[in-house]
Amino acid sequence: MKIAFTVNKTLHQVDAPPMKRLLDVLREDLRLTGTKEGCGEGECGACSVFINGEVVNSCLVPVCQVEDAEILTIEGLAKDNRLIPLQEAMIQIGGTQCGICTPGIVMAAKALLDHNPQPTRDEIRAGLGGNLCRCTGYVRIIDAVESCASNR
C-alpha cells in the first residue's frame, strides 16, 4: 500500500503493509532512527512523535492511519542545525542519561511547553507521566524542562 505523508516538513511516499507500525516505517524505511523503541506496547513513550500536532506513541500507530498527516520527529526539532532550547537544556543539565528515552521525553516536554509555557514542577511531572526512564530518575529531566520554561 502506498501512503503519502510529511515528516519533518518533507513529503514522503512509502510502499508498506498498512499495519506496519509508524515507528518501523520511520526507522527502517525513512532511516529516521532518532525515534526509539522502548517497550513496543505504548507504555514507555520512547517512540513519541507528533502527528498533526499531537504527541502519540508511534509504536501503536499503523502507517495506514497517517495518510496526508504531518509528522514531527526528534530529527525535525533542530532549526538550521541548531538544537532548540529544550534540547540544549536537557544536555546542559544532564537530563539525557543513556539516551533511549530522551527523544520521547523531549517530544513530550515540547508538547507540554507548547500548551503550557510556564508549567509548575507538578505539571511537568504530569506532562511527562507517559514517558519512562530506565536509568536513575527524573530530577534532572524535570530540572531541564523547568529551566527551559523559566528562560522563555
Side-chain angles (χ1 to χ4, degrees), residues 1-92 95-119 123-135 138 141-142 144-145 147-149 151-152:
M1 175 178 187
K2 290 189 178 187
I3 302 160
F5 51 93
T6 301
V7 180
N8 303 332
K9 300 185 178 182
T10 301
L11 180 63
H12 293 274
Q13 184 171 12
V14 298
D15 191 3
M19 296 308 288
K20 187 172 184 177
R21 302 179 313 169
L22 176 60
L23 170 65
D24 297 327
V25 170
L26 292 171
R27 291 183 57 83
E28 296 167 5
D29 297 22
L30 303 182
R31 303 286 183 217
L32 295 170
T33 57
T35 302
K36 307 296 186 209
E37 178 164 10
C39 67
E41 298 176 354
E43 298 292 329
C44 74
C47 64
S48 296
V49 299
F50 282 57
I51 298 178
N52 296 329
E54 298 295 324
V55 175
V56 300
N57 292 318
S58 63
C59 70
L60 298 179
V61 178
V63 72
C64 65
Q65 291 186 356
V66 299
E67 177 77 33
D68 298 326
E70 296 275 340
I71 298 167
L72 177 66
T73 70
I74 191 75
E75 290 93 344
L77 291 184
K79 295 177 182 166
D80 300 324
N81 291 323
R82 295 190 59 164
L83 299 178
I84 63 172
L86 176 60
Q87 291 170 307
E88 291 287 351
M90 290 287 287
I91 293 168
Q92 290 174 357
T96 55
Q97 303 182 69
C98 83
I100 295 295
C101 69
T102 302
I105 287 176
V106 168
M107 298 306 280
K110 180 181 181 337
L112 170 67
L113 295 174
D114 287 351
H115 291 15
N116 180 0
Q118 301 294 319
E123 290 170 331
I124 294 169
R125 283 187 195 95
L128 301 180
N131 294 80
L132 302 178
C133 171
R134 297 178 185 164
C135 292
Y138 300 89
I141 294 169
I142 293 168
V145 176
S147 172
C148 181
N151 291 326
R152 289 180 145 198

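Position 1 is the first residue of the sequence; numbering continues from there.
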Asker: Looking at E54 and A111, would you say the former's side chain and the latter's main chain have a donor-acceptor pair under 3.5 Å?
Answerer: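 No, because the side chain of E54 does not come within donor-acceptor range (under 3.5 Å) of the backbone of A111.
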
Asker: Looking only at non-hydrogen atoms, find the nearest pair between I124 and L112 and report the distance.
Answerer: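 Minimum heavy-atom separation between I124 and L112: CA-CD2, 3.7 Å.
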
Asker: Atom CG of L11 and atom CD of E70: how far apart are they, to the nearest 0.5 Å?
Answerer: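 If we round to the nearest 0.5 Å, L11:CG and E70:CD are 9.0 Å apart.
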
Asker: Ignoring hydrogens and geometry, is there a side-chain-to-backbone donor-acceptor pair from S58 to C47 under 3.5 Å?
Answerer: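 At least one qualifying donor-acceptor pair exists.
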
Asker: Measuring from atom CG of L86 to atom CE of M107, what distance do you get when rounded to the nearest 0.5 angstrom?
Answerer: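 Reported value, rounded in 0.5 Å steps: 10.0 Å.
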
Asker: I would like to know whether I100 and R134 meet side-chain contact (heavy atoms from CB on, under 4.5 Å); could you show each step before the answer?
Answerer: CA-CA 9 Å; I100 295 295; R134 297 178 185 164; 5.6 Å; no

Asker: Taking Y138 for its side chain and R125 for its backbone only, find out whether a donor-acceptor pair lies under 3.5 Å.
Answerer: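 A pair under 3.5 Å: no.
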
Asker: Rounded to the nearest 0.5 Å, how far apart are CD of E88 and OG of S147?
Answerer: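 Taking CD in E88 and OG in S147, the distance rounds to 11.0 Å.
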
Asker: Applying the side chain to side chain contact (heavy atoms under 4.5 Å, CB included) criterion to V49, which one of V61, L22, L32, V7 satisfies it?
Answerer: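 One option only clears the test, and that one is L22.
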
Asker: Would you say the side-chain atoms of N57 pair up with the backbone N or O of E41, donor to acceptor, closer than 3.5 Å?
Answerer: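 The answer is no, because no donor-acceptor pair under 3.5 Å joins these two groups.
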
Asker: If you compare all heavy atoms of P62 against all heavy atoms of P18, which two are closest, and at what distance to 0.1 Å?
Answerer: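 Taking P62 first and P18 second, the nearest heavy atoms are CB-O, 3.6 Å.
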
Asker: To check you understand the geometry: which heavy-atom pair defines the closest contact between P119 and A149, and what is its length?
Answerer: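 For P119 and A149, the tightest heavy-atom pair comes out as CD-CB, 3.8 Å.
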
Asker: Indicate the atoms forming the closest heavy-atom contact of C39 with G42, along with that distance.
Answerer: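 Closest pair (atom of C39, atom of G42, distance): SG-N, 3.6 Å.
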
Asker: First locate atom NZ of K79, then atom CG of N81, and finally report the distance between them rounded to the nearest 0.5 Å.
Answerer: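 With rounding to 0.5 Å, NZ (K79) is 13.5 Å from CG (N81).
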
Asker: Within this structure, what is the CD-NZ distance for the pair E67 and K2, rounded to the nearest 0.5 Å?
Answerer: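 Atom-to-atom, E67:CD and K2:NZ are 12.0 Å apart.
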
Asker: Hey, mind stepping through L72 and K110 against side-chain contact (heavy atoms from CB on, under 4.5 Å) and telling me if it holds?
Answerer: CA-CA 11 Å; L72 177 66; K110 180 181 181 337; 4.2 Å; yes

Asker: For D29 and K20, work out which heavy atoms get closest and say how close.
Answerer: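 Closest approach of D29 to K20: OD1-NZ, 2.9 Å.
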
Asker: For the side chain of Q87 and the backbone of I84, is there at least one donor-acceptor N/O pair under 3.5 Å apart?
Answerer: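 Yes: the side chain of Q87 pairs with the backbone of I84.
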
Asker: Going from CD on Q97 to CD1 on I141, what distance comes out if it is rounded to the nearest 0.5 angstrom?
Answerer: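 Between Q97 CD and I141 CD1, I get 5.0 Å after rounding to 0.5 Å.
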
Asker: Dump the intermediate steps for side-chain contact (heavy atoms from CB on, under 4.5 Å) on I71 and F5, then the final yes or no.
Answerer: CA-CA 8 Å; I71 298 167; F5 51 93; 3.6 Å; yes

Asker: Quick test of your reading of the model: are R27 and E37 salt-bridged, counting only N-O distances below 4.0 Å?
Answerer: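 Judged by the 4.0 Å cut-off on N to carboxylate O distance, R27 and E37 do not form a salt bridge.
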
Asker: Would you please test N131 and C44 for side-chain contact (heavy atoms from CB on, under 4.5 Å) and show each step?
Answerer: CA-CA 5 Å; N131 294 80; C44 74; over 6 Å; no

Asker: Would you say S48's side chain and V55's backbone share a donor-acceptor pair under 3.5 angstrom?
Answerer: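 Between the backbone of V55 and the side chain of S48 there is no qualifying donor-acceptor contact (under 3.5 Å).
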
Asker: Taking all heavy atoms of G95 and all of T102, pick out the closest pair and write down the distance.
Answerer: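 Where G95 meets T102 most closely, the heavy atoms are O-OG1, 4.3 Å.
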
